[in-house]
Visitor: 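Before we start, here is the structure in question, set down as structure tokens.
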Amino acid sequence: MSIIYFLIGCSVLLALIFLAAFLWAQKSGQNDDLYTPSMRILLDDDVNEPINIIGKEIETNTKK
Amino acid sequence: MTPSATIEKTTCYHCGNDCLTPEYFVEEKQFCCLGCKSVFEVLSESKLCNYYSYNDHPGVNRAQTDKRFDYLNEPDIVNQLIDFKDDNITIVTFYIPQIHCSSCLWLLEQLNKMNPAIHYGRVDFLKKQLNVRFNHHHLNLQQLVELLYNIGYEPVISLQDIIKKQNEPAKDNLVQKIAVAGFCFGNVMLLSFPEYFGISVYEQTFKHFFGWINILFALPVVFYSGWGYFISAWQNLRIKVLNIDFPLALGIAVLFIRSVVDVAINNDPGFTDTLCGLVFFLLIGKFIQKKTYYHISFERDYRSFFPVAVNVITDDVEKSLPLSQLQTGQRIIIRHNEIIPADAILLKGNAMVDFSFVTGESIPVHKTWGEIIYAGGRQTGEAIELEVVKSVSQSYLTQLWNNEAFTRQKDGGGKTFNEKVSKYFSIVLLAIAFGSLLFWLPFNAGRGLAAFTAVLIVACPCALALSTPFTMAAALSIFDRNMFYLKNTRVVEHMAAIDTIVMDKTGTITNGDNSNIEFHGNFTGLQKQLIYSTCINSIHPLSRMICEHLGEQKRLPVNSYIELAGRGIIASIGNHHLKIGNSNLVFGHDMESPHITAIYIAIDGINPGYITIKHNYRNGMDNVAALSPVYDMYLLSGDQDHEKKDLLQFFKKPDRLLFNQSPQGKLDFIQSLQVGGKKVMMIGDGLNDSGALKQSDLGIAITDNVNNFSPGSDAIMDGRSFNKLPSFLRFSKDAVNIIHLSFAISLTYNFIGLSYAVSGRLSPLIAAILMPLSTVTIISFTTLATHFAAKKRNLL
């Protein structure tokens with residue numbers, strides 16, 4: 001039964017890894033906004049890539 | 001056959017308002033104004049017309065003047081607004097109140113497609129915030145804000161750190177503490193099971209091993225998760241206050257010390273399982289409490305709970321708009337005694353603003369045209385027109401309501417039930433602990449010590465820490481749903497203690513509209529215009545009725561305007577001098593008059609006639625009158641006693657009706673009742689009884705969608721909920737009873753636990769069972785009981 005020492009050690013280590021993962025996700029803001037992602041998935045991907053007119057102007061300006 | 005021309009009302013493709021001219025027409029779509037058309041053109045150039053496919057008319061009306069954002073070039077201002085900046089990128093968060101639908105969400109997250117210098121835009125829908133990361137070499141802050149403005153989502157730029165305040169609750173690492181406590185709790189429980197089921201003699205080494213591992217797990221629980229309780233108890237002890245955190249901190253400390261001693265010296269399992277469980281449940285309680293309060297204040301901030309409306313002028317037509325829909329650039333009209341709801345520039349009228357709600361200074365301040373008047377000021381004098389420059393912050397108004405200036409002195413005196421009990425709890429607890437120690441000392445010192453620590457462990461003030469906030473929060477949200485808005489949770493307890501109700505007449509028990517009004521005498525056109533021009537400046541229910549009855553009249557400019565509470569108006573328009581009000585004001589003496597409220601008019605000394613108004617009483621007056629055997633009911637009115645007969649059916653005894661009361665008289669009357677030991681609740685419309693409202697133990701301002709927000713009140717009631725007043729009173733009593741009952745339940749648990757503890761026979765198993773059991777029982781009891789009580793009173 002002394003194998004229990006080793007088993008407990010392993011499982012505690014594994015559990016600590018999970019705790020660390022949770023704390024890391026919490027810190028990086030995963031749980032800050034729980035509502036907006038539910039709206040975001042309902043939006044479609046664009047078929048046509050929008051043309052950025054304003055972007056082209058800035059590029060031409062900076063080139064000068 | 002000529003086809004008949006059908007006139008169709010076209011609506012703007014962008015915002016949905018009616019199109020008054022067919023002028024703005026692009027790509028076969030109609031727009032109401034240049035602004036809406038411009039936004040559409042910007043979007044269609046960037047091929048972002050999917051904006052319109054998610055919702056009909058997703059845009060907000062864009063008929064506004066040009067905005068200037070040059071001040072955003074100042075580096076000081078930029079530094080205050082942005083979140084982060086390094087060599088290439090800047091990250092900034094904006095508050096954009098126009099976010100209201102999925103189209104807004106979609107468009108704002110496509111910002112990077114409108115301009116490649118923007119890396120991404122991320123929306124938090126509920127908080128209406130937009131987080132943008134951009135390359136500041138190619139795009140500066142001013143250009144970014146201008147882009148947002150051009151597509152119709154102008155951010156609210158305020159140096160007051162709205163964003164930081166909104167994000168504060170998230171920064172607290174309560175969740176992390178709960179995660180650690182829960183983690184340790186689970187592990188310790190698992191490792192304690194062998195002890196519960198019995199470890200045989202051959203496996204004693206495991207007992208030691210488990211014991212030490214448990215201590216190891218208990219370390220982060222005590223020194224990280226539970227550390228807040230120690231700090232709070234210590235800080236309160238320094239100011240000589242025994243609050244609820246003291247017995248909790250004491251319990252945690254004793255649990256830990258006893259467990260260490262047990263495992264190290266006595267070879268006992270220790271109480272680590274109870275320790276971790278206690279901290280875990282307490283933190284969860286705190287978390288739920290925070291979430292509930294945040295939810296309530298969130299609803300109050302973002303979903304505009306106050307039934308406050310403001311009159312907006314568009315194209316010379318006055319319209320009443322709920323406060324939440326007020327936007328910058330709109331022109332509002334504020335009358336005598338109305339609160340200015342948002343920072344605005346004075347455009348027209350003579351402004352004498354009373355800032356007593358904001359600064360405490362009650363002398364009205366004169367404001368000149370073009371000057372900004374800050375939100376919270378109250379206009380005294382004629383009606384003024386303003387242009388809103390900053391959008392309304394309900395949170396600011398709520399803050400004002402809870403301002404130091406309005407917390408009554410009584411709050412300090414009358415402690416809540418919670419505070420009273422926590423003081424005694426700690427003292428009694430220590431007494432029992434020392435008592436049992438001294439009892440056992442002569443016989444068995446070890447057992448005495450065990451009993452001492454056991455008492456401190458078992459006695460759990462969970463009821464106090466958990467049930468009161470839960471019940472109060474639930475009660476508050478139920479009241480809010482019934483359009484009865486309380487200032488804070490203390491009000492519930494005050495309400496339960498009330499035994500006398502005093503009511504104002506005009507505007508309170510009478511309806512603001514729906515009355516029979518009759519003009520006696522011949523009024524010329526000019527006289528009607530004069531009366532209209534005078535009364536339009538007032539929000540008194542009688543003046544509003546007069547204006548409504550006179551209908552559309554030409555409004556003449558007023559030279560001077562004085563409104564005397566409870567008596568009438570004195571004004572001068574051009575060369576004419578007007579007096580409108582009761583007979584005392586107009587004639588100087590009381591008159592014999594019919595049994596109906598009469599308003600007398602004197603123009604330049606002559607009396608063209610008078611106006612009589614027969615009131616309709618509010619819906620539910622019978623209901624409220626039925627309160628009378630239980631509560632003492634009084635009526636105070638500034639009018640004469642015309643309607644005495646009608647009112648007697650509600651108030652039964654004539655000595656309960658008092659007429660001809662001045663505002664000071666009302667205050668004195670309430671004071672006299674309080675001197676007699678009564679707890680008085682005053683219901684008024686906040687206009688000329690704000691002093692009385694403040695003086696009473698509980699002041700309720702009843703409102704009919706008029707901007708007479710009166711910070712001196714403790715609660716605001718929408719006129720439609722007046723008939724529920726008896727239910728509200730009974731429900732508040734229920735809430736207080738629930739708290740008392742839950743405390744009784746906790747006492748029972750404590751009693752059982754203490755009987756084990758005092759005899760020194762407390763085992764970890766019993767402690768581990770009792771504590772979570774009591775917590776769960778109390779929480780579920782308060783939640784279910786509050787819901788049940790609300791259903792019983794028909795409030796849910």
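In the text below, chain A, chain B and the rest are named by the order of the sequence lines, each starting its count at 1. As the structure is a prediction and not an experimental result, all values here were calculated from the model.
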Visitor: Do you know which of A:Gly29, A:Pro37, A:Ala15 has the most heavy-atom pairs under 4.5 Å to chain B?
Guide: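 Going by pairs under 4.5 Å, I would pick A:Ala15.
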Visitor: Given a strict heavy-atom distance threshold of 4.5 Å, which part of A:Leu34 is in contact with chain B: side chain, backbone, both, or neither?
Guide: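 Neither the backbone nor the side chain of A:Leu34 comes within 4.5 Å of chain B.
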Visitor: Is it the backbone or the side chain of B:Ser103 that comes under 4.5 Å from a heavy atom of chain A, or both, or neither?
Guide: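 It is neither, since no heavy atom gets under 4.5 Å.
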Visitor: Just so I know, are the side chains of A:Val12 and B:Ile213 near enough to count as touching, which here means a heavy-atom distance under 4.5 Å?
Guide: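 A:Val12 does not reach B:Ile213 side chain to side chain.
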Visitor: What part of A:Leu23 gets closer than 4.5 Å to chain B, counting heavy atoms only: side chain, backbone, both or neither?
Guide: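 Looking at A:Leu23, backbone and side chain both touch chain B.
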Visitor: Evaluate the side-chain proximity of B:Asp124 to A:Tyr35: yes if any heavy-atom separation is below 4.5 Å, no if none is.
Guide: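 Sidechains of B:Asp124 and A:Tyr35: no contact.
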Visitor: For the CZ atom on A:Arg40, are there more than 12 heavy atoms of other groups (residues, nucleotides or ligands in this structure) within a distance under 6.0 Å?
Guide: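 Yes.
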Visitor: For B:Ile118, is it the side chain, the backbone, both or neither that has a heavy atom under 4.5 Å from a heavy atom of chain A?
Guide: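 Answer is neither: B:Ile118 stays 4.5 Å or more from chain A.
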Visitor: Considering heavy atoms only, which positions within residues 216-225 of chain B lie below 4.5 Å of chain A?
Guide: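 Counting heavy atoms that sit under 4.5 Å from chain A, the residues of residues 216-225 of chain B involved are B:Phe217.
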Visitor: What's the spacing between B:Asn187 CG and A:Leu16 CG if we round to 0.5 Å?
Guide: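 These two atoms lie 8.0 Å from each other.
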Visitor: I'd like to check A:Tyr5 versus B:Phe206 (side-chain heavy atoms, cut-off strictly below 4.5 Å). Are they in contact?
Guide: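 Yes; the side chains approach each other to less than 4.5 Å.
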Visitor: Nearest 0.5 Å please: distance from the CZ atom of B:Phe209 over to the CD1 atom of A:Ile8.
Guide: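 Result: 5.0 Å between the selected atoms.
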